[in-house]
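Take a look at the structure set out below.
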Amino acid sequence: MVGSLLEGKTVKVGHDLKKEMILLKKQGVELAEPMFDTMVASYLINPVRSEQTLEAIALEFLGKNVIEQLSGVRDEKSRIDYVCHAAEAIFELKEILSGRLRDEGLEELFYNVEMPLVRVLSDVEMNGVRVDRDFLNEMSKEVDSDLQELMSKIYSLAGQEFNINSPKQLSEVLFEKLKLPAIKKTKTGYSTDVEVLQQLSAIHELPAEILTYRTLSKLKSTYIDSLPSMINPETGRVHTSLNQTVTATGRLSSSEPNLQNIPIRTELGRRIREAFTAEPGNLILSADYSQIELRVMAHMSEDPILIESFKKGEDIHARTAAEVFGIMPGLVTSEMRRMAKVVNFGIIYGMSPFGLSKDLGISQKDAKRYIDSYFEHYKGVSSFIEKTILEAKEKGYVRTLLGRKRPIPELSGKEVALRQFGERTAVNTPIQGTAADIIKLAMINISKRLKKEDLKSLMILQVHDELVFEVPEGELEIMKLLVCEEMEGVMELKVPLKVDIGVGKNWSEAH
DNA sequence: CACTAGTGCAA
DNA sequence: TATTGCACTAGTG
């Protein structure tokens, strides 16, 4: 099966191995232990990506030739054999690596969270998610006719035919032929990104049409047309890879296909989610943590207003608006709430007045006033940020609540921009990473309960603060309770963790 | 086929 | 001059 895929291409060992495993499982074969070991072993190389030294040790021990030889192994069986031998070799590293884990204070995180999670993720990947091929194919036709129409309109506005998908050709049309003002530069020429095109829309018809074209063509090529081709013929489902050792903060990443960036914001985007369906007799259950990063920040900063606000179950963005604008909560308009929401996110990312002003379309001066006002009211957050940066500079790293460690070498550099980047990283990582710790632990606990209570429900996706399940109708009520209980009760913070649950025939309805 | 640049989707 | 990702197309070698 795999052999034919390999001719003249780079082998993706993990991915092709997984196809084998899915097939074997379908056939009722117990998964060969060496295969599972391979996954564990590959994880042992690099349990936490920030631990660069672990990677260095593994590379030194195994040498680069492992990777090189793997890509040279064409035959399916010998490739699996080879990987298994590699796994053995990797296990010899265990002693060195466990010493490192101990020295870095990462043992608990590794053995209680990351290792148990390996099996959970493997299950989620194997379960896969059902995708409605016919539905997407139908949508593809519709979008295609819209695109055709847009295309001829664009050509006539431009006075010529060209490849709209080529930023290079597009910038020739916009900035040379039509002589529109160039607003922003890239490394290689003038930018044609959404921000530029929006501004140009005010003076010419063409840019707005391009924007619509871009949106449609993006959704069509990345999701509508590509997802059906990712459906595994053996299972009729899509099996993503949930990568455990990729991100710097401890989040998972998803690839082949990436199911963590399925659209939701636009109308058409939401329709794409309708293609993620449950088998007849089943339902999709989606459970997401409400404002988990702000709650984590409340916990870590111990800010009294944030804590009180979450304890009372207030609308957190509305409360921020009331604080920042200095008005009674009852007088907060939806526009003010929207701005406060942007401010709240900005705080977590370490946004500057410049960035905030750009995002809200206000002056930098006003943006600075909002930020100052925020820190004036949320003194705990302000001192948390200062303290975190200071400590990161002293130690050279930051940690999440469960001890996950990220070195921040940028902080000791001499370039100002780089150092500032390090400061934002120092603040953001403990927050984003703690949220990741929390949901990982919840996944493990839910998985245990599913097994213990012999439930047929399947965990099928994780999207950073959301877990998605496929649930037999008869298990719906018990699952709602179970998932909520495990996610909210996974650990005790200074503020409650809140989970919102939705149910539907598909992923869109479940939101 | 492998790689980079520009762009844009998600939390 | 906002955090973390993945992947598409065009273009080059």
Side-chain angles (χ1 to χ4, degrees), chain A residues 6-10 49-50 71 162-171 184-197 210-211 213-227 230 240-243 246-266 268-270 272-273 288-294 297 342-360 364 367-368 371 406 416-418 420-433 435-436 439 461-467 507:
Chain A
L6 299 182
E7 288 311 315
K9 283 194 195 164
T10 305
R49 186 204 189 202
S50 55
S71 57
F162 64 103
N163 186 341
I164 309 168
N165 289 319
S166 162
K168 188 161 164 259
Q169 293 186 34
L170 177 60
S171 82
K184 201 159 62 165
K185 279 191 192 172
T186 66
K187 274 186 222 167
T188 55
Y190 297 122
S191 170
T192 64
D193 69 12
V194 55
E195 201 187 314
V196 171
L197 294 184
I210 303 277
L211 280 172
Y213 178 92
R214 279 239 179 104
T215 308
L216 288 186
S217 130
K218 169 86 177 180
L219 294 179
K220 182 167 186 289
S221 67
T222 308
Y223 305 103
I224 300 173
D225 288 346
S226 86
L227 281 171
M230 311 290 286
T240 185
S241 291
L242 290 173
N243 314 304
V246 168
T247 70
T249 55
R251 276 186 172 188
L252 301 175
S253 84
S254 160
S255 59
E256 293 183 296
N258 180 0
L259 296 185
Q260 289 179 327
N261 73 341
I262 302 300
I264 192 169
R265 287 170 202 183
T266 63
L268 183 66
R270 278 190 294 277
I272 292 173
R273 287 195 174 214
D288 67 286
Y289 279 114
S290 158
Q291 272 122 24
I292 188 162
E293 294 195 346
L294 282 175
M297 189 171 81
V342 175
V343 171
N344 272 331
F345 277 102
I347 298 296
I348 293 171
Y349 299 147
M351 192 190 236
S352 63
F354 177 88
L356 185 65
S357 70
K358 205 156 50 87
D359 213 273
L360 289 178
Q364 272 196 59
K368 183 168 184 309
I371 294 174
R406 176 175 184 178
V416 180
L418 207 61
Q420 286 175 340
F421 174 76
E423 293 180 0
R424 292 194 295 272
T425 306
V427 174
N428 176 262
T429 295
I431 298 172
Q432 193 185 110
I439 196 166
L461 284 177
Q462 189 256 41
V463 191
H464 307 309
D465 64 356
E466 171 188 14
L467 294 178
W507 196 8

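Because the structure is predicted, anything quoted here is derived from the model rather than measured. Within every chain, numbering begins at 1; the chains are lettered A, B, ... in the order of the sequence lines, protein sequences first and strands thereafter. Side-chain atoms are counted along with the backbone in the values below, which use heavy atoms only and exclude waters and symmetry mates.
Across all strands shown, A/Leu356 has no heavy atoms under 4.0 Å from either base or sugar-phosphate atoms. Contact annotation for A/Arg424: backbone-only contact, meaning every heavy-atom pair under 4.0 Å involves sugar-phosphate atoms and none involves a base. Using a 4.0 Å heavy-atom distance criterion, A/Glu466 is classed as making no nucleic acid contact. Using a 4.0 Å heavy-atom criterion, one finds that A/Lys187 contacts the sugar-phosphate atoms exclusively. Backbone-only engagement by A/Thr192 is indicated by non-hydrogen atom pairs under 4.0 Å involving sugar-phosphate atoms exclusively. If you check every strand for non-hydrogen atoms under 4.0 Å, A/Arg214 touches sugar and phosphate atoms only. Among the heavy atoms of the strands, none lies under 4.0 Å from A/Tyr289. Within the nucleic acid shown, A/Val194 comes within 4.0 Å of sugar-phosphate atoms alone, with no base atom in reach, counting heavy atoms only. Within the 4.0 angstrom heavy-atom criterion, base atoms lie near A/Asp359.
Between the side chain of A/Lys218 and the base of B/dG8, a donor-acceptor pair under 3.5 Å is found. Scanning atom types as modelled, one donor and one acceptor separated by under 3.5 angstrom connect the side chain of A/Gln432 and the base of C/dT3.
Counted within 6.0 Å of CZ on A/Phe162, heavy atoms from surrounding residues, nucleotides or ligands total more than 12; the atom is thus considered enclosed. Enclosure of atom OH in A/Tyr213 by more than 12 non-hydrogen atoms of other residues, nucleotides or ligands within 6.0 angstrom is indicated.
Checking the phosphate oxygens (OP1, OP2) of C/dA7, no side-chain nitrogen or oxygen of A/Ser226 falls inside 4.0 Å. Taking side-chain N and O atoms only, A/Gln462 has no distance below 4.0 Å to OP1 or OP2 of B/dA11. When the side-chain nitrogen and oxygen atoms of A/Arg265 are compared with OP1 and OP2 of B/dA10, one or more of them lie within a distance under 4.0 Å. Phosphate proximity of C/dC6 to A/Asn261: absent, as no side-chain N or O sits under 4.0 Å from OP1 or OP2. Between A/Thr186 and B/dG6, a side-chain N or O to OP1/OP2 separation shorter than 4.0 Å is present.
When side chains are defined from C-beta on, A/Thr266 counts as touching A/Leu219, because their heavy atoms get closer than 4.5 Å. Side-chain contact check for A/Gln260 versus A/Gln462: some heavy-atom pair is nearer than 4.5 Å. Side-chain contact between A/Thr247 and A/Gln432 is absent, with no heavy-atom pair separated by less than 4.5 Å. For the pair A/Met297 and A/Ile347, the minimum side-chain heavy-atom distance is below 4.5 Å.
Counting only heavy atoms from C-beta on, A/Ser191 has its side chain closest to B/dT7 among C/dC6, B/dT7, C/dT9. Of the candidate nucleotides B/dG8, C/dC6, C/dT3, C/dT3 has the atom nearest to the side chain of A/Asn428. For A/Ile264, whose side chain is taken as the heavy atoms from C-beta onward, the closest listed nucleotide among C/dG5, C/dG11, B/dA11 is B/dA11. The side chain of A/Ser166 approaches C/dA10 more closely than any other nucleotide in the set C/dT4, B/dA10, C/dA10. When distances are taken from the side chain of A/Ser253 to each of C/dT3, C/dC8, C/dG5, the shortest belongs to C/dG5. Of the candidate nucleotides C/dA7, C/dA10, C/dT4, C/dA7 has the atom nearest to the side chain of A/Glu256. Considering only side-chain atoms of A/Lys168, the nucleotide from C/dT12, B/dA10, B/dT7 that sits closest is C/dT12. In this structure, of C/dG11, C/dT1, C/dT4, it is C/dT1 that holds the atom nearest to the side chain of A/Phe354. When each of C/dT3, C/dT4, C/dA10 is scored by its nearest atom to the side-chain atoms of A/Arg251, the top-ranked nucleotide is C/dT4.
Atoms CD1 (A/Ile262) and P (C/dG5) sit 19 Å apart, rounded to a whole Å. In this structure, CG of A/Leu170 is placed 21 Å from P of C/dC8, rounded to the nearest angstrom. Distance, A/Leu259 CG to B/dA11 C1': 14 Å, rounded to whole Å. Rounded to whole Å, the distance from CD1 on A/Ile292 to C1' on C/dT4 is 15 Å. We find that CG of A/Leu252 is positioned 14 Å from C1' of C/dC6, with the value rounded to whole Å. Remark: C1' of C/dC8 and OH of A/Tyr213 are 12 Å apart, rounded to the nearest angstrom. If you measure from atom NZ of A/Lys220 to atom P of B/dG8, you get 18 Å, rounded to the nearest angstrom.
The backbone N or O of A/Ser171 lies less than 3.5 Å from no partner atom in the side chain of A/Thr192, so there is not a single donor-acceptor pair.
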